[in-house]
S.K.: 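Handing you this structure, nothing more for now.
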Amino acid sequence: MGIPTRPGLRIVVAAKPVDFRKGMDGLAVLVTQALAMDPFAGDIFVFRAKRADRIKLLIRDGSGLCLVTKPLEAKNFTWPPVRDGSITLSTGQLSMLFAGLDWTATAMRPAATMENLQAGA
């Protein structure tokens, strides 16, 4: 999966399962109301189904919203504990999640920042 990258990109996972009958517009409303964020800001929003075997990503690609849906055939995605609010992932963690891998078992380095790159870190 080609994850768009840009400085300051946030990948936000809604911690509670959502009604998977919701489409792009319904998920955009959830981003605004439940997460208090702007679905058109260019961030990636990740949603889970109750059974944890399906994932939906809401992505703004510059010209509009895109909805990516993926079911896993043989197992469930690894999700954070169900609670209110959201968590933020790195692009590497999202890649692992989307591939059906256990992203929580791998220590991920913090995302590179302009300050780190300029300092030679």
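Values below: all heavy atoms of this structure, side chains included; hydrogens, waters and symmetry mates excluded. Please read all numbers here as calculations on a predicted model, not as lab measurements.
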S.K.: Does L101 share a hydrophobic cluster with L89, counting links as ILVMFWY side-chain heavy atoms below 4.5 Å and allowing steps through other members?
M.R.: yes
S.K.: Name every donor-acceptor pair, under 3.5 Å, that has one atom in a side chain of residues 21-35 and the other anywhere in the protein, sequence neighbours excluded.
M.R.:
unit_1 : atom_1 : unit_2 : atom_2 : d
R21    : NE     : D19    : OD1    : 3.0
R21    : NE     : D19    : OD2    : 3.3
R21    : NH2    : D19    : OD2    : 2.9
T32    : OG1    : A28    : O      : 3.1

S.K.: What is the distance from atom CZ of R10 to atom CZ of F45, rounded to the nearest 0.5 Å?
M.R.: 6.5 Å
S.K.: Rounded to the nearest 0.5 Å, what separates atom CD1 in I59 from atom CG in D43?
M.R.: 11.0 Å
S.K.: To the nearest 0.5 Å, how far apart are CZ in R48 and CZ in R54?
M.R.: 11.0 Å
S.K.: Considering non-hydrogen atoms only, spot the tightest contact between P39 and M37 and give its length.
M.R.: CD-O, 3.5 Å
S.K.: If you take all heavy atoms of L97 and F77, which pair is closest and at what distance?
M.R.: O-CD2, 3.0 Å
S.K.: Rounded to the nearest 0.5 Å, how far apart are CD1 of I87 and CH2 of W79?
M.R.: 9.0 Å
S.K.: Just verifying a value: how many Å separate Q93 CD and W103 CH2, rounded to the nearest 0.5 Å?
M.R.: 5.5 Å
S.K.: Grouping I, L, V, M, F, W and Y whenever their side-chain heavy atoms are under 4.5 Å apart, do F98 and V12 come out in a common cluster?
M.R.: no
S.K.: Please tell me if the side chains of K56 and L67 come closer than 4.5 Å, counting only heavy atoms from C-beta onward.
M.R.: yes
S.K.: Could you state whether L9 and V46 fall into the same hydrophobic cluster, counting links through intermediate Ile, Leu, Val, Met, Phe, Trp or Tyr residues with side-chain heavy atoms under 4.5 angstrom apart?
M.R.: yes
S.K.: Could you check I44, T69, V13 and say which one makes a side-chain contact (heavy atoms from CB on, under 4.5 Å) with L57?
M.R.: I44
S.K.: Kindly compute the distance separating CD1 (I11) from OG (S86), expressed to the nearest 0.5 Å.
M.R.: 12.5 Å
S.K.: Identify the two heavy atoms, one from A14 and one from F47, that lie closest to each other, and give their separation to 0.1 Å.
M.R.: CB-CD2, 3.8 Å
